[in-house]
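Everything on this sheet refers to the single structure shown next.
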Amino acid sequence: EADIYQTPRYLVIGTGKKITLECSQTMGHDKMYWYQQDPGMELHLIHYSYGVNSTEKGDLSSESTVSRIRTEHFPLTLESARPSHTSQYLCATRRAGVAGELFFGEGSRLTVL
Amino acid sequence: GQQLNQSPQSMFIQEGEDVSMNCTSSSIFNTWLWYKQDPGEGPVLLIALYKAGELTSNGRLTAQFGITRKDSFLNISASIPSDVGIYFCAGLTNNAGNMLTFGGGTRLMVKP
């Protein structure tokens, strides 16, 4: 079972602020993902990575950016937060060779005022 | 893009009752998965199905991969209060970079 840690769990900030949501995993999984989820709604893929120095945009257009300098970390950054960015952001990993089985973090709930 | 239609969207059930939910698509999937999300948490994998017609159980949960590969269902037997949460189906094809497509979720609420 993967250990995935997301920080902060909850964040309330003002419009225009720059924020970084952290995601760390200890299992050495190559593939990592960021999903955006409004409360109780479906998950939308916004970014993914196949490994170090690999980043791709997902199905849902997002103004956020990601980086993958180390296997363990996959931070997501919003340069200038807006109220439309208010949502829950879920980080996930997947083992190589195991189709579809994602391990999710607990999520970061972002509120932009 | 691919879409998964999950039903029902929500349901109240009496404790002890059996529950059934399903997921359908116009597209074929090679893998079906069922996740559960508790309030304030990330989804957790319940069951993964890899072959058409496959029937797999995990405790009180049973899921099947439809023969047409366009649907899947999840049954929960003898529901208990801790079954409350949102259940998501997800499908995977070998196309599109092996990305999961998620359904809209079924919110399960249990009357004690």
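Only heavy atoms go into these numbers, but all of them, side chains included; no hydrogens, no water, no symmetry mates. Chain A is the first sequence line, chain B the second, and so forth, proteins listed ahead of strands; every chain is numbered from 1.
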Heavy-atom pairs under 4.5 Å with chain B - which of A/M41, A/R109, A/Q37 has more of them than the others?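 Most pairs with chain B among the choices: A/Q37.
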
Is there a donor-acceptor pair closer than 3.5 Å between any side-chain N or O of A/Q25 and the backbone N or O of A/T71?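 Present.
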
Main-chain N/O of B/R107 paired with B/S10 side-chain donor or acceptor, under 3.5 Å: no

Run the side chain to side chain donor-acceptor pair (under 3.5 Å) check on B/S77 and B/D18 step by step: do they pass? CA-CA 4 Å; B/S77 63; B/D18 295 343; 4.9 Å; no

Measure A/Q88 against the heavy atoms of chain B and call it side chain, backbone, both or neither at under 4.5 Å.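 The side chain, not the backbone.
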
Chain B contact via A/L43 - side chain, backbone, both or neither, heavy atoms under 4.5 Å: both

So, taking the atom named OH in B/Y87 and the one named CD1 in B/I47, what distance separates them when rounded to the nearest 0.5 Å?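 Going from the OH atom of B/Y87 to the CD1 atom of B/I47 covers 10.5 Å.
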
Around B/E41, counting heavy atoms of other residues, nucleotides and ligands shown, do more than 12 lie under 6.0 Å from its CD? yes

So, the part of B/A48 with a heavy atom under 4.5 Å from chain A: the answer is side chain

Need one label for B/Q37: side chain, backbone, both or neither, based on atoms under 4.5 Å from any heavy atom in chain A.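 Side chain only.
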
